[in-house]
Novice: 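For reference, the structure I am asking about is given below.
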Amino acid sequence: MPHKILLTGFDAFGGATLNPSWLAVKSLHGRQILGHTVVAAQLPTVFDASLQTLNALLKQHRPALVVCVGQAGGRSALSLERVAINVNDAPLADNAGDQPVDTPVMPGAPAAYFTRLPIKAMRAALQAEGIAAEVSQTAGTFVCNHVFFGLMHALATRRALQHTRGGFIHVPWLPEQGTPDMPLDEIVRGLRLAVRCALQVQRDTVLGGGATH
Ligand code: PCA
């Protein structure tokens, strides 16, 4: 069975009609990257339900690599997220109308997890190809951070996922959504390069993969 790469994107939220994260990962579905097959799936922009969907996908596919992708309006670069925190603090309602304030993603879990992606190597690989990329120190406190934290907790605690690596990338708006923006084909090219790099470089930081407690 070929190794799989799971890429997730979100549905539109906050009154928007599209979400570039889903459009980008969808266009990579079925592609081969360094001998791995990409599986793309959509997560709902909803607390809890998003993680239920992600957990079912992890069980079904047992991927070698997972990259969850979300939209971050206002950012101008592909944002390689360093840290997921155990906090929900929603600045707007999710797509089910819920707006949790200062609740844990998972009661009793560590305060934070670091990414298991080689974010510095990925930034260098993207910039070498002329794609704007940055290391980000916060994935926010809305559904993206919620999913990122749930992913890292699953990778840290589930035996069946002990060889799976993963993390989170935020992408800018598309030109039709506002500025700053990045065209869809550039986002797609960037995600493909980022995945390639993650498959080639195991880890680039002594912090990678640990809980922060
Ligand atoms: N971005 C939101 C949630 C879904 C998405 O694409 C976020 O940054 O939390």
Side-chain angles (χ1 to χ4, degrees), residues 6-29 40-58 66-106 109 112-115 117 119 132-154 166-184 186-188 190-191 194-195:
L6 176 62
L7 299 182
T8 67
F10 287 95
D11 61 355
F13 67 98
T17 54
L18 59 83
N19 188 323
S21 67
W22 170 238
L23 298 180
V25 302
K26 188 174 73 162
S27 79
L28 290 169
H29 181 77
Q42 191 184 75
L43 304 181
T45 305
V46 175
F47 287 96
D48 297 330
S50 50
L51 271 183
Q52 283 165 18
T53 303
L54 178 66
N55 282 320
L57 289 163
L58 293 173
V66 186
V67 182
C68 296
V69 182
Q71 161 192 304
R75 295 195 191 178
S76 55
L78 296 184
S79 278
L80 310 167
E81 299 294 349
R82 190 197 294 270
V83 60
I85 61 174
N86 194 5
V87 173
N88 302 315
D89 192 13
L92 73 163
D94 71 12
N95 284 350
D98 287 331
Q99 191 168 359
V101 173
D102 294 348
T103 63
V105 178
M106 291 187 185
Y113 287 103
F114 289 119
T115 185
L117 300 178
I119 50 178
E134 65 190 4
V135 167
S136 163
Q137 317 303 342
T138 177
T141 51
F142 191 48
V143 180
C144 287
N145 172 74
H146 178 86
V147 161
F148 184 18
F149 186 90
L151 168 66
M152 300 318 297
H153 187 69
F168 199 97
I169 299 178
H170 264 120
V171 302
W173 277 324
L174 297 179
E176 56 264 46
Q177 293 179 280
T179 48
D181 65 80
M182 190 180 279
L184 183 61
E186 196 171 329
I187 295 176
V188 171
L191 291 178
V195 165

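Whatever order the structure lists ligands and atoms in, that order sets their numbers, starting from 1. Count residues from 1 along the sequence.
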Novice: Under a 3.5 Å distance rule, please check whether H146 uses its side chain to pair with a backbone N or O of D48 as donor and acceptor.
Specialist: yes
Novice: With rounding to the nearest 0.5 Å, note down the distance linking CG in L191 to OG in S21.
Specialist: 9.5 Å
Novice: Counting from 1, what ligand 1 atoms have a heavy atom of T45 closer than 4.0 Å?
Specialist: 3 (C), 4 (C)
Novice: With side chains defined as the heavy atoms from C-beta onward, is the minimum distance between V69 and I187 less than 4.5 Å?
Specialist: no
Novice: Please could you name the atoms of ligand 1 that N19 approaches to less than 4.0 Å, counting only its heavy atoms?
Specialist: 5 (C), 6 (O)
Novice: Identify, by atom number and element, the atoms of ligand 1 in contact range of G70, meaning under 4.0 Å from any of its heavy atoms.
Specialist: 6 (O)
Novice: Can you tell me which residue and heavy atom of the protein come closest to atom 9 (O) of ligand 1, and the distance to 0.1 Å?
Specialist: C144 N, 2.9 Å
Novice: Check whether any side-chain heavy atom of P20 sits under 4.5 Å from a side-chain heavy atom of M182, and report yes or no.
Specialist: no
Novice: Can you tell if the side chain of D11 reaches within under 4.5 Å of the side chain of N19, non-hydrogen atoms only?
Specialist: no
Novice: Can you tell me how the ring of F142 sits relative to the ring of F47, calling it parallel under 30°, perpendicular over 60° and tilted otherwise?
Specialist: perpendicular
Novice: What atoms of ligand 1 come within less than 4.0 Å of a heavy atom belonging to F13?
Specialist: 1 (N), 2 (C), 4 (C), 5 (C), 6 (O)
Novice: With heavy atoms of H170 as the reference, note each atom of ligand 1 found under 4.0 Å away.
Specialist: 7 (C), 8 (O)
Novice: Which of the atoms in ligand 1, numbered in the order shown and given with their element, are less than 4.0 Å from a heavy-atom of Q71?
Specialist: 1 (N), 2 (C), 5 (C), 6 (O), 8 (O)
